[in-house]
Amino acid sequence: MRKKSKWIRNWIKRFLLMGACLLFVNSSSIWAQQVTEETRVNQLMIKLQERDKVIADLQRRVEQLEQRVGGTQQDSESAAAAQPAAEPATKTVADQPVRQAQGDEPAKKTSSAAAAQNKKGPGTFEVDEEAAERALERTLVQTGALLLPFGQAEVQPYVNYIRFETEQPVLLSNAEGNIAGVADIRNRRNDIEAGVFFRLGLPFDAQAELSVPARVINQSSVVGLINQETVNSTHMLGDVRVGLAKTLLRESAWLPDIIGRITWDTATGKLTLNNPQLGGLATGFDDLTFSLTALKRQDPLAFTGTLSYRKTFKKDGFEPGDVYSLALGATLAASPQTSLSLGIQQSFINGVRIFDNTVPGSDAINSLFTFGAASTVGSRLFFTTNAGIGITKNAPDYFISVAIPLRLDVPFQRMLNAN
C-alpha cells in the first residue's frame, strides 16, 4: 500500500513538473512574439517617416520646377497626390490604430515644417498670380488694349514731355534781292503737356474716355550764319478729347481681342498747324480718330497692334493732313507687381492744304521706338512711365511720359446691384 501511494505521488510530481515546463515555454513564446510584433511596428514607423521625408522632398522639387516655368499648383493637389501612397502602409498596421496615429503625428509635423521651410527658404518666393495678372492687366488698360469692367473708373494724372530738334538750310538774300549766302536754321522745341485722363467702364463691354490737357510750348529758331535767335513761348489749354471704346471681338483660339475706338479731338486749344519739321503736331482743329486695337495674350506676354486713322477738319482755310498710324507692341509681366513693354509706332502724315492747295514738302513719316515700365503702388494705385526715341528725321528726338492712374468704384454700380 505504501509503495502504491508513493508511486502515485511520484506521478503527480512529474505531471506538475511537466505542466510548469509547458507553461514556462508557452509564456516565453508569447513574450517573444510580442517583442517581434513591436519591433515590426517600430520598423514600419521608421519607414513611414522616411517615406514622408521623400514625399516632402519631391513636393519641394515640384514647386521649384513650377516656379521656374511660371506656374504653381494648389497645395491640395500635392496633398491629394501624396495621400494614396500612404494607404497601403496604413492598412498593414491596421491592428495597431493607436500606435499608428502616434507614429504618424511627428512624421506629419516634420513634413509640414520641411514644406514651410522650403517655401520660405532663401532664394525662393511665392508667386502671386493674381498680382501679376493685375500688373499686366492694368498696363494693357493704359495702352488702350483692354477696357475697364463695368462699375469701375480711373482718374489718371499725366505729364508728357516731347523734344524736337531739327536743322535745315536756307538761302539768305541781300537788299537787292540777290543770294548772299546759305545758312542753317536750327529749330528747337520743348512741348510739355499735363492733364487728367478719365476712364469709365460702361455696360456691354464699353468704355467712356475724357482727356483735359494743358500745354506749354517753348520754341526757338537760330540762324547759324548771323547767329540770330527767335524765341517764342506759348501757354494754353490743350484740345479736350472725348472718346468711346467698345470690345468688338473676344479672344478665342487664334483670334485676338479687338477693340474699336472713336475719339473726338475738340478745337479748344490755340490754333497751330502740324509742321512736319516739328513732329506733325496740330492743335485748335476738330479731329476725329478711328482705331482698331488687337490683343493676343500668351501669359506672361501680351502682344498688341493698333491701326488708326485721323481726319482733321478745315478751319479758316487751313486743313492739316490726314494721319495713318500703325503701332505694334509687346508687354511682359516681369514680376508679380511689375510689367515691361516694348513697341514701335509709325505715322504717315499727308501734306497740309491751305485754301485747297497742298503745301509742297509738308508730308512726313514719323517713326518711334518706345519702351516703358509699370508697377503697382497699392491695391488701387498704379505708376507707369514710357519713353520713346525718334527713328526718322521728322520724328521727335525723344519723349517721356509719366502717369499715375487711380482706380475707383463708381456709386451707380452699387445702386444697380441693389435694384
Side-chain angles (χ1 to χ4, degrees), residues 71 127-158 195-212 241-253 255-264 289-306 308 327 329-341 343 372-384 386 401 403-419:
V127 178
D128 185 356
E129 292 183 355
E130 294 184 358
E133 182 72 11
R134 285 195 300 271
L136 181 59
E137 172 206 80
R138 297 197 64 173
T139 302
L140 294 175
V141 170
Q142 307 310 308
T143 58
L146 202 62
L147 303 183
L148 289 177
F150 173 52
Q152 289 191 345
E154 276 192 355
V155 180
Q156 176 182 314
Y158 69 91
V196 182
F197 192 96
F198 300 93
R199 298 182 182 89
L200 176 63
L202 300 177
F204 309 107
D205 295 328
Q207 176 177 283
E209 300 171 348
L210 173 65
S211 177
V212 182
R241 293 181 286 272
V242 180
L244 180 65
K246 173 75 171 67
T247 301
L248 305 178
L249 181 66
R250 287 294 185 183
E251 181 178 2
S252 63
L255 294 175
D257 276 353
I258 296 181
I259 294 176
R261 180 177 277 103
I262 180 171
T263 303
W264 174 33
T289 302
F290 305 89
S291 66
L292 289 175
T293 301
L295 167 64
K296 186 64 178 177
R297 300 184 63 162
Q298 294 180 356
D299 294 338
L301 275 171
F303 301 94
T304 59
T306 300
S308 64
T331 305
L332 169 68
S335 74
Q337 293 84 20
T338 303
S339 64
L340 304 175
S341 58
S375 181
T376 55
V377 180
S379 59
R380 295 183 177 274
L381 198 61
F382 200 57
F383 178 83
T384 176
N386 291 284
S401 176
I404 307 177
L406 173 64
R407 185 163 295 187
L408 305 169
D409 294 327
V410 294
F412 66 80
Q413 166 70 359
R414 292 192 293 269
M415 291 188 292
L416 290 177
N417 291 337
N419 295 333

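Numbering starts at 1 and runs along the sequence shown.
- Every residue was checked against the side-chain hydrogen bond (donor to acceptor under 3.5 Å, both in side chains) condition with Thr331, not counting sequence neighbours, and none meets it.
- Residues Leu210 and Leu200 fail the side-chain proximity criterion, which asks for heavy atoms closer than 4.5 Å.
- Contacts of Glu154 classified as salt bridge (charged side-chain N to carboxylate O under 4.0 Å, His left out), with partners at least two apart in sequence or in another chain: Arg138, Arg199, Arg407.
- A donor-acceptor distance shorter than 3.5 angstrom exists from the side chain of Ser335 to the backbone of Thr338, with no hydrogens or angles considered.
- Of the inter-residue distances, the one linking Leu244 atom CG with Arg261 atom CZ reads 9.0 Å to the nearest 0.5 angstrom.
- Side-chain contact between Asn386 and Gln142 is absent, with no heavy atoms from C-beta onward closer than 4.5 Å.
- Side-chain atoms of Phe303 and Pro256, non-hydrogen and from C-beta on, never get closer than 4.5 Å to each other.
- Under the 4.0 Å criterion applied to side-chain N and carboxylate O atoms, Glu209 and Arg241 are not assigned as salt-bridge partners.
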Given Asp409 and Gln152, is the side-chain contact (heavy atoms from CB on, under 4.5 Å) satisfied, shown in steps?
-> CA-CA 5 Å; Asp409 294 327; Gln152 289 191 345; 3.6 Å; yes

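- Summarising the geometry, atom CG belonging to Leu295 is positioned 5.0 Å from atom CG belonging to Asp257; distances are rounded to the nearest 0.5 Å.
- Under the salt bridge (charged side-chain N to carboxylate O under 4.0 Å, His left out) criterion, Lys246 pairs with no residue, sequence neighbours left out.
- Annotation: the span from Phe198 atom CZ to Ser211 atom OG amounts to 9.0 Å, rounded to 0.5 Å.
- The closest side-chain heavy-atom distance from Val155 to Leu408 is below 4.5 Å.
- Between atom CG of residue Leu332 and atom CD of residue Gln298 there is a gap of 12.0 Å, rounded to the nearest 0.5 Å.
- Rounding to the nearest 0.5 angstrom, the gap separating the OG atom in Ser341 from the CG atom in Leu136 is 10.5 Å.
- The closest side-chain heavy-atom distance from Val377 to Ile404 is not below 4.5 Å.
- With hydrogens and angles ignored, the 3.5 Å screen pairs no side-chain donor or acceptor of Thr293 with any backbone N or O of Thr306.
- Note that the OG1 atom of Thr247 and the CD1 atom of Ile259 stand 4.5 Å from one another [nearest 0.5 Å].
- Side-chain contact between Thr384 and Thr139 is absent, with no heavy-atom pair separated by less than 4.5 Å.
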